[in-house]
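This report concerns only the one structure given below.
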Amino acid sequence: MRAQSSATAASPIAVAAPGPERPGFGTLQAALGVVAFSLTFPATAWGLEGFGPWSLVAVRSVLAAVIAGTALLVLRVPLPARRHWPGLAVVGAGVVLGFPLLTTLALETSTTAHAAVVVGLLPLTTALFSALRVGTRPSRTFWIAALAGAAAVLAFTVQQSGGALTTADLYLFAALLVCAAGYTEGGRLARVMPGWQVIGWALVLCLPLTVPVAALALAQEPVRLTAHSVTGLLWVAAGSQFVGLVVWYRGMAAIGIPKASQLQLAQPLLTLVWSVLLLGEHLTVAAPLTAAAVLVCIAVTQRSRG
């Protein structure tokens, strides 16, 4: 591979470089990313049935990097320009390492419903990071709807978890910050390179750290291969860590970081649905009411103009 001199350097997939896309298609891609992410906590819970937290996070990152690296090699994608590597490092630190590790540690003692609190706050935090990093200025209507949606999701998820704060919350709130930073930087980079390359290079960049950690963790933590643990590992590696982020970053590049981030207001509710179906957890009658409120907030944020 050779260094890429510009974002439009010739390559076998130059036709895949970012270009103008219909906002509706961008919204669809971002929504597909949210669906993929909504399965992350239940899949992580499955993975923890057979892997330790450090093993699960390191192995998922290595597997996702193998998928991404293979695609980059087969398609002979040039290395990103040097100016993009700091941004890719932020993506790697936030969404490849930080968020998976912190949420996995939290899920050792927290339910998926409680962990959904951080997801409910993530859209607002991402919008704040976007305003600071890329200078976006959403409208007042946007912020009112975003705050209302975040409040509705937070109230619902806290009520579901009994409202008690645990040590796992420290992990969750730290995960919230690093993930928002990674999303913002990834969304910015997806405007100058294909979204799949953003997460692909971030995964590859983390390999010098994730490979030795995976080897050490597998030697220290017990491993029990079951249908649940293997399925959970494969989903968080291929679905959440790679495919989900590919469509998510493309969606953010098409419709803007703040608006895409508000689609994640629906993620905690989707996670709770998967938790019922896959983990046997129970929902209260508040779920459909919260879902309706969230959908209204999403509609308002999507129609507002910054």
Side-chain angles (χ1 to χ4, degrees), residues 1 4 7 11 13 16-18 21 26 28-40 43-44 57-75 77-81 83-103 122 126 129-130 133-134 175 178-211 233-255 257 260-261 263-264 267:
M1 296 183 185
Q4 184 175 352
S11 76
I13 61 165
E21 291 185 355
L28 175 62
Q29 291 182 97
L32 290 175
V34 170
V35 173
F37 300 153
S38 71
L39 281 160
T40 300
T44 299
V57 172
V59 172
R60 71 179 271 185
S61 297
V62 170
L63 290 178
V66 169
I67 297 171
T70 299
L72 292 167
L73 285 173
V74 169
L75 295 174
V77 178
L79 287 169
R83 66 182 181 275
H84 296 321
W85 284 105
L88 291 171
V90 174
V91 175
V95 302
V96 175
L97 301 176
F99 187 78
L101 177 60
L102 292 166
T103 54
L122 186 56
T126 302
F129 269 76
S130 174
R133 180 65 179 90
V134 299
V178 299
C179 189
Y183 278 176
T184 300
E185 200 65 21
R188 185 187 66 82
L189 289 172
R191 296 176 179 177
V192 296
M193 68 174 70
W196 77 272
Q197 292 184 25
V198 174
I199 185 58
W201 286 118
L203 285 162
V204 171
L205 182 65
C206 292
L207 275 175
L209 178 61
T210 55
V211 169
L233 171 62
L234 292 178
W235 176 259
V236 293
S240 302
Q241 193 88 67
F242 185 66
V243 176
L245 285 168
V246 167
V247 294
W248 174 244
Y249 283 144
R250 285 183 63 88
M252 282 199 294
I255 66 177
I257 297 172
S261 70
L263 291 174
Q264 283 195 305
Q267 187 173 325

Next item on the list: Walk me through it: do Trp85 and Leu79 pass the test side-chain contact (heavy atoms from CB on, under 4.5 Å)?
Entry: CA-CA 10 Å; Trp85 284 105; Leu79 287 169; 3.9 Å; yes
Taking the side chain as every heavy atom from C-beta outward, state whether [X] and [Y] have any atom pair closer than 4.5 Å.
X      : Y      : value
Trp196 : Val243 : no
Leu88  : Pro80  : yes
Tyr183 : Val91  : no

From [atom1] ([X]) to [atom2] ([Y]), nearest 0.5 Å:
X      : Y      : atom1 : atom2 : value
Gln197 : Leu75  : CD    : CG    : 8.5 Å
Gln29  : Ile255 : CD    : CD1   : 9.5 Å
Leu122 : Cys179 : CG    : SG    : 5.0 Å
Arg60  : Thr40  : CZ    : OG1   : 6.5 Å
Leu72  : Ile67  : CG    : CD1   : 12.0 Å

Notebook entry, point to check: Under the side-chain contact (heavy atoms from CB on, under 4.5 Å) criterion, do Trp248 and Val198 qualify, and how do the steps go?
Noted result: CA-CA 11 Å; Trp248 174 244; Val198 174; over 6 Å; no
Check: Can you name the residues that form a side chain to side chain contact (heavy atoms under 4.5 Å, CB included) with Cys206, not counting sequence neighbours?
Finding: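 Cys206 satisfies side chain to side chain contact (heavy atoms under 4.5 Å, CB included) with Val96, Leu97, Thr210 once adjacent residues are dropped.
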With [X] via side chain to side chain donor-acceptor pair (under 3.5 Å) - residues at least two apart:
X      : answer
Ser61  : none
Thr103 : none
Glu185 : Arg133, Arg188

Search all heavy atoms of [X] against all heavy atoms of [Y] and return the closest pair with its distance.
X      : Y      : value
Val77  : Trp201 : O-CZ2, 3.8 Å
Gly195 : Ala190 : CA-CB, 4.4 Å
Gly92  : Ala202 : N-CB, 3.9 Å
Ala237 : Ala64  : O-CB, 3.3 Å
Val236 : Ser240 : O-CB, 3.6 Å

Next item on the list: Evaluate the criterion side-chain contact (heavy atoms from CB on, under 4.5 Å) for residue pair Leu189 and Tyr249; output intermediate values, then yes/no.
Entry: CA-CA 9 Å; Leu189 289 172; Tyr249 283 144; over 6 Å; no
Would you mind writing out the side-chain donor-acceptor pairs for residues 30-38 within the sub-3.5 Å range, not counting sequence neighbours?
from	atom 1	to	atom 2	distance (Å)
Ser38	OG	Val35	O	2.6
Ser38	OG	Trp274	NE1	2.9

Notebook entry, point to check: When you measure from the side chain of Gln241 to the backbone N and O of Val95, does any donor-acceptor pair fall under 3.5 Å?
Noted result: yes
